[in-house]
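Counting starts at 1 for both ligands and their atoms, following the listed order.
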Amino acid sequence: VLVTWCEAASKFPAGFQFGSATSAYQVEGAWNASDKSPSIWDVFVHDHPSAIADHSNGDVACDSYHLWKEDIALARSLGLNFYRFSISWPRLLPEGFSNKVSKDGTTYYNNLINGLLSVGIEPVVTLYHWDLPQNLQDLGGWTNNEIVNWFEEYARVAFTLFGDRVKTWVTINEPSNFCGMGYDSGLLVSRVDVPRIGRYLCAKNALLSHAKAYRLYDKEFRDKYKGQVGLTNQYVWYEPKTPGQEQNAQLAREFGQLYTFPIFSDIGGWPPNIESIIAKNSRAANFSRSRLPAFTEEEINLVKGSADFCGVNYYSSRLVEEANEHILFQPGEENKELGLGYSYDSTWLPRYDWLVSYPPGIRRVMKSMTDRYGNIEIKILENGFGTSDPALNDTMRVQYIRDHLEQVLLSITEDGVNVTAYTVWSLIDNFEWISGYESRFGIVHVDYNDPKLKRTPRASAYYYADVIKKREV
Ligand code: GBH
């Protein structure tokens, strides 16, 4: 009996899904094919090549726009249950608005979706993975609250065209990152640099846009298509640096719930203590109102409950202590708003740049949200390891994935967390934003010197395929 129980506990439950992911700008290339219009990333990398580590861009990337059959073949050879990719908004809607739907854009995504389904792989589709049509950015992008309507219309087109076959929709990828780095620090596109204002306008509009798309699906598509709609965010787990810093770690985690609490809490709206801290900081700086725009009662109710699952992108953890000038500075408003400093433990390995491996963090993130919001369905939509080492024998990546899968299994067996999916970022090496092609996340290697951009599975791909087959770590 004991043996059976141990075996059962080391296996992922039936129904648990394994996948891998990419995003449009990072892999597609074909930046100006057919009637596609430029996204903010196209414009950014062309205007500021030196902002990218290797001065590269996504003009060609992995050329998945043409090589999608190869990507599907790879996904199939690994036995993936699902493949998460994103739609390029300006490829589908060249004018940004729903007035004009691209025929070639539609064909491309139909090919990809149908190709995946024909080999038994479920498409998991993200609507927004950071490549906004430039013309919408010219109108203020995510800081203009009209984007709520623009996004709803875009979602309507996507649901209408692909909803019969796509059953899992991710509205928005990591608003914490593109709002923070895009509209606040000027580090990522849109290069908007309005510290401590832009990110919060974006935050509210991103939540409202997500919620509008969710309600639209509910109203017009759910009955016939019976799919799921959610949002995914990056969660960093914060541990106190010393026992005395528990409260500060708690505060950092709470800031990380900015996009989660409004959707999953009973009361809705911004996390109350974060809302009051930002209000207080705003008053202290002589603003007449909080830099964090308030929700109306109607908006609170629109957002509250607007997700069928909670998407979790988890990579790394940090140690937290009260800020002082000697503390390692992590980009992010958290520091300035909360007065906290971040570091990591030297034993957290493997480590590459910002990505420090702390596997228990993924379990704690999920447990803390389950404790707080109840038995919500969690899908891990990104987890993976990047390094500049292109080697095929990627032992560090194997270790990273194994260590994290182990914790995911413990979340299920020990914590009773309702986690139903795990996704490796990424299926193939790709354009890693400001790190260009220097930082490789693929379980499959891409040879950028080969005009055919040859894809070769790494040791981690074989390892992951084996996990999927045996359904155990
Ligand atoms: C995710 O972002 C993204 O969804 C995905 O597109 C990306 O390829 C993947 O993870 C790997 O990064 O200024 O030091 O923070 C995760 C968060 C945001 C972390 C951008 C790295 C830039 C470097 N990433 N950030 S830093």
Side-chain angles (χ1 to χ4, degrees), residues 19-28 39-41 44-45 51-54 56 58 61-62 64 84-88 124-132 170-191 193 199 206 230-237 256 259 311-318 328-335 342-344 350-357 361-362 365 379-388 397 400-401 404 423-444 446:
S20 190
T22 60
S23 88
Y25 186 70
Q26 294 177 275
V27 301
E28 283 180 3
S39 77
I40 53 177
W41 272 91
F44 172 55
V45 296
I52 309 301
D54 54 6
S56 66
C62 309
S64 289
R84 176 180 173 225
F85 64 90
S86 77
I87 293 176
S88 158
V124 171
V125 179
T126 307
L127 289 175
Y128 187 72
H129 202 124
W130 309 359
D131 47 353
L132 193 72
V170 181
T171 53
I172 296 181
N173 182 71
E174 295 184 354
S176 61
N177 281 317
F178 79 78
C179 287
M181 300 186 89
Y183 291 91
D184 190 308
S185 59
L187 270 178
L188 289 183
V189 283
S190 58
R191 303 299 272 182
D193 190 0
R199 73 149 52 200
L231 168 148
T232 198
N233 218 339
Q234 186 196 4
Y235 296 93
V236 177
W237 179 254
Y259 298 88
V312 167
N313 296 2
Y314 174 84
Y315 288 92
S316 199
S317 292
R318 291 289 183 271
L328 175 103
F329 197 76
Q330 171 185 305
E333 185 59 18
E334 292 89 329
N335 308 62
Y342 299 84
S343 57
Y344 49 81
R351 173 171 74 228
Y352 176 71
D353 194 21
W354 59 276
L355 212 173
V356 184
S357 176
I362 196 169
V365 161
K379 291 182 198 282
I380 297 163
L381 292 175
E382 285 183 29
N383 176 243
F385 190 72
T387 159
S388 57
R397 187 174 289 104
Y400 180 97
I401 295 172
H404 284 78
T423 311
V424 170
W425 182 275
S426 169
L427 179 63
I428 51 178
D429 287 338
N430 58 58
F431 179 77
E432 176 56 19
W433 309 115
I434 49 177
S435 305
Y437 298 99
E438 270 175 10
S439 163
R440 294 172 181 263
F441 276 80
I443 52 176
V444 173
V446 174

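Taking the six-membered ring for Trp and the full ring otherwise, Phe441 and Phe385 have centroids separated by 6.0 Å or more. Under the 6.0 Å cut-off for aromatic ring centres, Tyr314 and Trp237 do not qualify, their centroids lying 6.0 Å or more apart.
Counting heavy atoms under 4.0 Å from ligand 1, residue Asp353 does not touch it at all.
Within ligand 1, counting atoms from 1 as listed, the ones closer than 4.0 Å to a heavy atom of Phe441 are 11 (C), 12 (O). Atoms of ligand 1 lying under 4.0 Å from any heavy atom of Asn173, numbered from 1 in the order shown and given with element: 4 (O). Interface of Glu382 with ligand 1, defined as ligand atoms under 4.0 Å from a residue heavy atom, comprises 1 (C), 3 (C), 4 (O), 5 (C), 9 (C), 10 (O). Residue-ligand proximity, Met181 to ligand 1, at heavy-atom distances under 4.0 Å covers atoms 13 (O).
Evaluated for a side-chain contact (heavy atoms from CB on, under 4.5 Å) with Val170, the options Val125, Leu381, Leu127 yield exactly one hit, Leu381.
Atom CD1 of residue Ile362 and atom OH of residue Tyr315 lie 10.0 Å apart, to the nearest 0.5 angstrom.
With distances taken over non-hydrogen atoms, the option nearest atom 2 (O) of ligand 1 out of Glu174, Gln234, Gln26, His129 is Glu174. With Tyr25, Tyr314, Phe178, Trp354 as candidates, the residue nearest to atom 24 (N) of ligand 1 on a non-hydrogen basis is Trp354. The closest non-hydrogen atom to atom 10 (O) of ligand 1, taken over Tyr315, Phe431, Phe385, Trp425, comes from Tyr315.
With hydrogens and angles left out, the side-chain atoms of Glu438 and Ser435 include no donor and acceptor closer than 3.5 Å.
Taking any N or O of Asn313, backbone or side chain, none lies under 3.5 Å from an N or O belonging to ligand 1. The distance criterion of under 3.5 Å between nitrogen or oxygen atoms is met by Glu432 with respect to ligand 1.
Within the 4.5 Å cutoff, the side chain of Trp425 has heavy atoms near those of the Asn430 side chain. Using a 4.5 Å cut-off on side-chain heavy atoms (C-beta onward), Val45 and Tyr25 make contact.
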